[in-house]
Amino acid sequence: MKEKLSGLFARLKTFLQDDSSKMKWKDFVIVGLLILAYGVFSFWNLGSTKNPQTFLTFEEAGNEVMLMFDEETEISKIRHYAGDEPGAYQILISMDGEEFEELGTLENEYSFTWVDTEVEAKLIYLKFVALNDATQLGEIQLYDQYGEKIEIKAMSERGELLLDEKDTVPANISYMNSTYFDEIYFARSAYQYVNDIQVMEWVHPPLGKLIQAIPIVFLGMTPFAYRLMGNIAGILMIFVLYAFAKKMFKNRKYAIIAGLLMMFDTFHFTQTRMGTVDSFLVLFMMISAYFMYGYLTCEKHDKMKKKLINLALCGLFFAFATCVKWTGLYLGLGLCIMFFGKMIYDFVKTKGEERKELRHDYVTIILACIVFFIIIPCIIYASIYFLAPNVYPYPVTNLRELIEQIKGMFSYHSTLTEEHPFSSSWYTWPLTLKPVWYYVSYPTAGFKSTIAAIGNPAIWWVGVLAFFCVLVKSIQKRKLPMIFLTVILLCLWLPYAFIGRCMFLYHYFPVIPFLMLAIVEFLKMLKEKLKSKWVVLIYLGIVILFFIFFYPVASGYPMPETYIDSLQWLKSWIF
């Protein structure tokens with residue numbers, strides 16, 4: 001048995017051994033297994049695949065619709081689903097269909113969300129009268145005093161629209177079947193793009209919402225559909241970080257460590273499973289940085305084609321990131337510093353005829369970069385608006401309107417002063433001192449379902465030490481990987497020190513992948529100093545253990561309230 005185990009470990013060690021920066025077939029097998037494993041628990045309970053798709057529109061306040069029972073019936077609750085335009089409705093009841101009395105108000109503040117309204121009445125006829133213009137109801141379900149569903153009939157074709165998708169009514173209202181937090185803006189806007197309706201979320205460029213809209217075209221407006229692309233982006237981040245670590249550390253084992261860190265970070269898990277656009281922003285930033293690093297590691301004698309391909313792809317994904325959120329520009333600052341820093345460094349170290357050749361190459365490269373990083377991104381940015389111009393209140397059909405839209409967006413972000421109970425200051429983010437509490441419900445007595453964006457303490461807290469390790473190494477040894485990580489980390493984080501608007505922990509999200517690379521370097525240093533591989537294995541074990549501990553908080557999985565409360569290690573951790 002010992003011989004068999006020894007042979008197995010020897011083969012595993014050989015399989016993992018590799019000192020190349022390139023991705024080989026073994027790497028694709030390994031990262032494929034990591035992605036497969038992560039996909040299993042990231043897709044589980046991502047969201048319902050069915051929700052109402054037909055809606056009754058009340059064009060004006062005062063529009064009404066009537067339903068009826070065959071006989072006098074007692075009701076205790078009305079469950080309804082709001083469409084693209086939520087609103088309020090007066091509830092009227094009657095025994096004869098002629099004289100009605102007011103029962104209350106049916107109200108919903110958020111699009112594509114189920115809401116319960118508690119009522120107690122006996123009736124035969126039920127009428128809803130719109131209190132606002134242009135509102136939508138998707139489905140109505142009534143319940144008796146025992147909580148059992150009651151069948152009701154429509155008295156018109158319009159009324160049928162409220163009763164035609166009974167199979168979509170959920171047993172319980174939760175994040176599984178309703179929008180939460182900023183999904184009420186981003187998922188709604190994706191739906192509006194699909195249906196050529198004026199898009200209400202205009203304070204960010206359209207690309208992220210257009211990507212989010214793709215599954216909605218084929219699967220309908222369901223939580224699974226509007227969260228699908230973000231989750232796929234989260235999965236792809238594992239692949240990109242693995243490849244990045246392989247290129248940076250030239251070691252398969254360290255690439256695996258990077259992939260595992262991305263897999264088991266609770267913040268990454270929560271943020272990419274939500275129907276917002278940050279997943280696309282971070283993925284595109286990672287890819288852009290990857291290709292810039294590829295350019296920086298090119299040798300002077302490498303073909304110009306190789307250098308230009310890396311720069312072209314870097315510029316393309318930088319453009320994509322900026323077309324999701326303007327915060328992609330912070331990466332551009334880091335890329336610019338590294339690009340010109342290397343150019344100056346190489347020029348100073350080169351003498352004689354080689355310097356003349358280098359000068360000629362730099363003219364070509366700079367001219368190409370003007371195209372890759374300025375002209376093409378501007379064309380892409382403008383083209384996206386022209387392809388999807390229906391943005392309220394700034395429709396974009398020409399260059400003048402695009403400029404007005406940009407000015408309006410800048411004005412919004414620069415003058416935003418609204419406070420939020422879960423906003424936080426930039427200097428608190430590395431220690432995840434104030435998680436963003438996205439969602440909470442109480443499915444049964446004593447149980448709590450909650451979702452909060454909180455970093456895995458084993459990753460984020462160690463990440464602070466890792467950053468200082470990389471910073472010191474970049475100063476002392478002046479090696480490209482450490483300088484690159486230091487510059488990118490600082491450029492993605494420090495600009496927020498000069499921003500006065502309300503900010504949240506998720507603004508730190510783009511920093512996390514590069515912080516994970518810094519942690520890999522930190523673990524590499526510890527392993528070499530302690531001359532023990534166990535330090536890495538123990539650390540990864542703690543990372544996975546913490547992920548399991550905080551999984552209910554990251555996923556919304558119902559757990560006893562006492563367990564959820566036990567995870568609130570700091571006073572500022574509210575979830």
Side-chain angles (χ1 to χ4, degrees), residues 53 55 57-61 63 82-87 108-113 130 132-136 138 179 181-218 220-221 225-226 229-230 275-281 284 316 318-329 374-418 501-502:
Q53 302 299 308
F55 301 96
T57 301
F58 296 80
E59 300 291 350
E60 300 176 348
N63 286 174
D84 175 53
E85 292 287 350
N108 195 337
E109 296 181 32
Y110 305 117
S111 304
F112 306 108
T113 304
N132 316 102
D133 295 337
T135 60
Q136 289 182 328
T179 54
F181 199 68
D182 281 353
E183 287 184 339
I184 63 174
Y185 306 118
F186 291 104
R188 180 187 183 190
S189 295
Y191 172 86
Q192 290 168 334
Y193 275 122
V194 170
N195 292 277
D196 197 25
I197 304 169
Q198 279 195 327
V199 178
M200 304 302 291
E201 202 290 316
W202 59 272
V203 299
H204 298 292
L207 182 58
K209 290 160 285 187
L210 291 171
I211 295 172
Q212 194 177 3
I214 295 170
I216 296 173
V217 174
F218 302 100
M221 185 60 181
Y226 55 70
M229 295 304 287
T276 56
V277 299
D278 297 272
S279 302
F280 315 125
L281 170 71
F284 293 148
L316 180 65
F318 164 71
F320 289 161
T322 308
C323 289
V324 173
K325 278 189 174 183
W326 280 3
T327 46
L329 293 171
I374 299 175
I375 296 175
I376 290 178
C378 287
I379 291 172
I380 292 173
Y381 190 94
S383 298
I384 290 171
Y385 272 104
F386 294 149
L387 289 170
N390 204 10
V391 180
Y392 175 86
Y394 296 102
V396 178
T397 58
N398 55 54
L399 189 58
R400 181 185 61 79
E401 290 177 345
L402 176 61
I403 293 171
E404 288 300 314
Q405 203 282 336
I406 292 172
K407 288 165 62 177
M409 193 187 303
F410 178 79
S411 176
Y412 171 85
H413 288 293
S414 61
T415 60
L416 183 63
T417 57
E418 291 182 21
R501 57 153 287 180
C502 178

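Quick caveat: nothing in here was measured; it's all calculated off a predicted structure.
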Discussion item. Please give me the minimum heavy-atom distance between G220 and A225, naming the atom from each residue.
Written reply: O-CB, 3.2 Å

Discussion item. Contact between S111 and P86 at the side-chain level, heavy atoms closer than 4.5 Å - yes or no?
Written reply: yes

Discussion item. Rounded to the nearest 0.5 Å, what separates atom CD1 in I380 from atom OG1 in T322?
Written reply: 9.5 Å

Worksheet item: CG of L387 to OH of Y193: how many Å apart, nearest 0.5 Å?
Response: 10.5 Å

Response to the item:
Hits for side-chain contact (heavy atoms from CB on, under 4.5 Å) against F55, two or more places apart or cross-chain, chain-then-number order -> Y81, F112, Q136, Y191

Fill in: Test side-chain contact (heavy atoms from CB on, under 4.5 Å) applied to A61 - qualifying residues, sequence neighbours left out
D133

Worksheet entry | Partners meeting side-chain contact (heavy atoms from CB on, under 4.5 Å) with V217 (sequence neighbours left out) | V194

Discussion item. Tell me whether the count of non-hydrogen atoms from other residues, nucleotides or ligands lying under 6.0 Å of CZ in F386 goes above 12.
Written reply: yes

Response to the item:
In this structure, CD of Q212 is separated from CD1 of I216 (nearest 0.5 Å) by 6.0 Å

Practice prompt. Kindly state each residue pair satisfying salt bridge (charged side-chain N to carboxylate O under 4.0 Å, His left out) with at least one member in residues 188-198, sequence neighbours excluded.
Written response: D84-R188, E85-R188

Worksheet item: Nearest heavy-atom pair of T135 and G87: which atoms, and what distance?
Response: CG2-CA, 3.8 Å

Item to complete: Nearest 0.5 Å please: distance from the OH atom of Y394 over to the CE atom of M409.
Response: 10.0 Å

Discussion item. Restricting to non-hydrogen atoms, name the atom on N108 and the atom on A82 that form the minimum distance, rounded to 0.1 Å.
Written reply: ND2-CB, 3.3 Å

Worksheet item: For T327, what residues pass the side-chain hydrogen bond (donor to acceptor under 3.5 Å, both in side chains) criterion, not counting sequence neighbours?
Response: none

Worksheet item: With sequence neighbours left out, what residues match F318 under ring-ring contact (aromatic ring centres under 6.0 Å, His included)?
Response: none

Practice prompt. For residues 376-391, pull every pair meeting salt bridge (charged side-chain N to carboxylate O under 4.0 Å, His left out), keeping only residues two or more places apart or in separate chains.
Written response: none

Discussion item. Under the rule for side-chain hydrogen bond (donor to acceptor under 3.5 Å, both in side chains), what residues qualify as partners of E401, not counting sequence neighbours?
Written reply: T397

Worksheet item: Which atom pair, heavy atoms only, marks the closest approach of C323 to P205?
Response: O-CB, 3.0 Å

Discussion item. Measuring from atom NE2 of H204 to atom NZ of K209, what distance do you get when rounded to the nearest 0.5 angstrom?
Written reply: 7.5 Å

Practice prompt. With sequence neighbours excluded, tell me which residues meet ring-ring contact (aromatic ring centres under 6.0 Å, His included) with Y412.
Written response: W202

Practice prompt. Only pairs at least two apart or in different chains count here, so list each salt bridge (charged side-chain N to carboxylate O under 4.0 Å, His left out) that has a residue in residues 406-416.
Written response: E404-K407

Worksheet item: Taking only residues two or more places apart in sequence or in another chain, which ones pass side-chain contact (heavy atoms from CB on, under 4.5 Å) with D182?
Response: Y185, F186, T276, Y506

Worksheet entry | Verdict with supporting geometry, Q53 and M221, side-chain contact (heavy atoms from CB on, under 4.5 Å) | CA-CA 7 Å; Q53 302 299 308; M221 185 60 181; 4.0 Å; yes

Worksheet item: If you measure from CD1 on I406 to OG on S411, what distance do you get to the nearest 0.5 Å?
Response: 13.5 Å

Worksheet item: Which pairs count as side-chain hydrogen bond (donor to acceptor under 3.5 Å, both in side chains) when at least one residue sits in residues 377-390, sequence neighbours excluded?
Response: W326-Y381, Y385-Q405

Worksheet item: Between the side chain of T179 and the main-chain N/O of Y110, is any donor-acceptor distance below 3.5 Å?
Response: no

Discussion item. Main chain of I197, side chain of N195: is a donor-acceptor contact present, judged purely on distance under 3.5 Å?
Written reply: no

